[in-house]
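One structure below.
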Amino acid sequence: MNLLAMFGAVSPGLVARGAWHHVRTALRAASNAPGAPRGFDWLDEAWRQLRAETPASPSLTPLRGVAFARAVSPTDAELGLDGRTVRVTALADDVVLFEAGPPHAYAASTDGFPGAGLALEDGLAALTLRTKAVTLTVAKDTGALRVEAGGAVVADDVEFLSAASGVGFRARVGDGATFHGLGERAAAFDLSGGRYTLWNTDPALYRRGDDPLYLSIPFLVAQAGGRATGFFFDNPHRAQVDVGASERGRLEWLVHGGALRLFVVTGTPAEVLERYTALTGRARLPPLWALGFHQSRHSYFPQACVLEVAKAFRRRRIPCDVLHLDIHHMDGYRSFTWHPRDFAEPRALTAELHALGFKALAIVDPGIKVEPGYRVYDEGVARGAFLRWPDGAPFVGPVWPGDCHFPDFSSPEVRAWWGGQYRGLLDDGVDAFWNDMNEVALITVPVGAQLPGALRHDAEGKGASHDELHNLYGQLMAKASVDGLEALRPQARGVVLTRSGWAGVQRHAMHWTGDNHSTWDDLRLSLQMVLNLGLSGVAFTGPDTGGFSGGPSPELFARWMQLSSFFPFFRVHSVLGSPDQEPWAFGDEVEAIARAAIEQRYRLLPYLYTAAWQTTRTGAPVVRPMSFGFPGDARFAGVDDQFLVGDALLVAPVLERGATSRRVLLPEGPWFELATGARHDGGGRVEVPAPLEVVPVFVRGGAVVPRWNVQQYVGEGVHELELLVAPAPGEHESLLYEDDGMTRGGPFRVTRFTVRGRELERSTLEGTYQPPSVPVRVLAVDALPLRHELDAGA
Ligand code: GLC
């Protein structure tokens, strides 16, 4: 599928406007340039703006030379480096913050960290700063810093970089390390050898190697020898991260402005994620139905077509919870409206969807059409809600509806106003929302124009340029949306899907990985991206299953459904003009395979929901890299073709065309095949059959996997809880989280299962929630007898 097909929603008028946009913006930018150029200078500046290229890396100089240090409190010290002062704070024994200059308006909160003792020793050649877990050694003559933790050097030759044009750091992290995180990267799970830009961008369809994409996270995890070190550079300006590309094992992080604010976190991968999400906030627990299957297309319209799809799911007995309404549900792509002809009776539509057990999820884009008489535009103008140039004129840029203004979500008043806009759609029965194009994406010719850096933001009353806040735009939009939804419906958990985001986006929204292609490489890439997003704190994510652009072969679609059925966000979506991509569009065999994958997911919902809840408590992703679960096992370093889901399942998806078996690397065992109960000792490599209808899944010995009967949608009716027990020598624990699946802050219950050999015990660990009583069936994955004391209905 080419760009023209994708832009089927684009009229010739919009194309012309998209071309003119560059000129118009250059002229405005010249008028707003510092020093107010006039005459030829103005023309010169406009020409310069028109040709404006991606900014080059700032040239930064290391803070080198004689170092001194002084303790300023039991938890803080000041390090004098090259005439500059870097404040060192032990937030915890395993979290150290290096800071110079004032934090930005959205800096991560350190409130949850009471601080830990930081001892300072002034030696002959070096200064040493020590917590119970981390030792920092600063060479007095060069100022170079070494970080040691757990008896190993985790970063050496650390140099802070500074200049008028930016800040940064360099470090040697070691040849053997693998690197993960940085948000959304069209790259392998191990980011080593790459250069990445932190600057949220709509790539207008992407392929492996394209960078940057829609969502950037300034958090990188280096893993070596069973230990992990997290580097969180809390500064939203554009940044470039060289992950061993110039020199193996060497990290260089250059930020185009703002202050040094670098957190270094050490521990196991799980501990590092726990700390990072304590700093940036934990994900909110989605309602259970959001973990069900979502079907989408750009776009299902008119409304009768949406109902047809809904009925087809029920008729064919393919479970599905959510149908997405893409931009055609709107009146001329105006956010918060309905198309007067195609969606003439939205309340009747949502009522029918609800009666069939579906939720409706509608897209809302940030670009507000410039059009007096359009309520959202009029209100926004009256409130001064839109982003402006320094001279006060609102910025204009083309998106689907034509020329648009863009709300300044960094203003609390604008966020509250925006949040209130959802009232109408909620009243019309829409259950959840999708914030797209929020990088911000403009539709220009040539593609790729961004909002100008000179635009002014409120920044919580502190004032900032768009250059500083660009990376936060999408996230602040998602915050405005979800806060608004929860203000309007305080009992319900607000569900927002966002395309763009930055550190902490997990607090506000779920995410999807944007406009991919229907290729085998995109299938593999989708797993690699989900793994890296998980290590960036973004657990609730998933791809456009089957591919957004193009049409998948039946085999590719089947394999993608099998893979995505284990992702926290499980949606099929495809571009305007592409072939049908519903589970039944590929023939009977693939329909049966897709149904089986979705049914397996619905059976596993209590297990997946428990893993989702764990994310909200600890930051551990639902989909976990092998090296996250087994950091001490060097065989798993960088492995990204098999993965863990929660504590108990290992999935080895088929990622290759034509494959009928799959080689799997098992951790120490025992491990049991979920489908057959076959037992493997573990610790080696096995080859298991994987014909098209099979996705190999293994259960960890000692685990208890809770399962329900298949429902066509969440809430249809659970009439059995099955506890699948994987016996193993020794003692093992598993958890089950339960609540009503929808109420915000309602009662819950956490049950602990203990497996000892072939015995199972259960106890309540936390909470008072009483789930509806259903029979409990306990069975061993290997089908041999077990001993347990669980009564039916207990
Ligand atoms: C963007 C989104 C895509 C959506 C389309 C139309 O390309 O990424 O998911 O279908 O816009 O709204």
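Keep in mind that the numbers below use all heavy atoms, side chains included, and drop hydrogens, waters and symmetry copies. Read the numbers this way: they start at 1 and go in the same order the structure lists the ligands and their atoms.
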Per side chain to side chain contact (heavy atoms under 4.5 Å, CB included), Gln303 is matched among Thr350, Leu349, Leu353 by Leu349
Whether Arg571 and Asp544 form a salt bridge (side-chain N of Lys/Arg under 4.0 Å from carboxylate O of Asp/Glu) is what I want to check.
yes
Subset of ligand 1 atoms that lie under 4.0 Å from at least one heavy atom of Arg499
1 (C), 2 (C), 7 (O), 8 (O)
Taking atom CZ as the centre, does Arg423 end up with more than 12 heavy-atom neighbours from other residues, nucleotides or ligands that are less than 6.0 angstrom away?
no
Just jot down the ligand 1 atoms closer than 4.0 angstrom to any heavy atom of Ile327, in number order.
6 (C), 12 (O)
Would Arg314 count as a cation-pi partner of Phe358, with NZ or CZ less than 6.0 Å from the six-membered ring centre and within 45° of the ring normal?
yes
Honestly, for Tyr333 the part within reach of ligand 1 (heavy atoms, under 4.0 Å) is neither
Can you list the ligand 1 atoms lying under 4.0 Å from a non-hydrogen atom of Ile363?
12 (O)
Any idea how Phe395 and Phe406 line up, ring-wise: parallel (<30°), tilted (30 to 60°), or perpendicular (>60°)?
tilted
Residue selection (non-hydrogen contact nearest atom 4 (C) of ligand 1) among Asp202, Leu205, Asn516, Asp326
Asp326
Atoms of ligand 1, numbered as shown, that sit under 4.0 Å from any heavy atom of Trp434
9 (O)
Which ligand 1 atoms does Trp400 reach within 4.0 Å, using its non-hydrogen atoms?
6 (C), 11 (O)
When you look at CZ of Arg316, are more than 12 heavy atoms from neighbouring residues, nucleotides or ligands closer to it than 6.0 Å?
yes
Quick note on ligand 1: atoms under 4.0 Å from a heavy atom of Trp512 include exactly 8 (O), 9 (O)
Please could you name the atoms of ligand 1 that His298 approaches to less than 4.0 Å, counting only its heavy atoms?
6 (C), 10 (O)
Could Arg334 and Asp331 be called an ion pair, given the rule that one side-chain N must be under 4.0 Å from one carboxylate O?
yes
Arg571 to ligand 1: N or O pair under 3.5 Å?
no
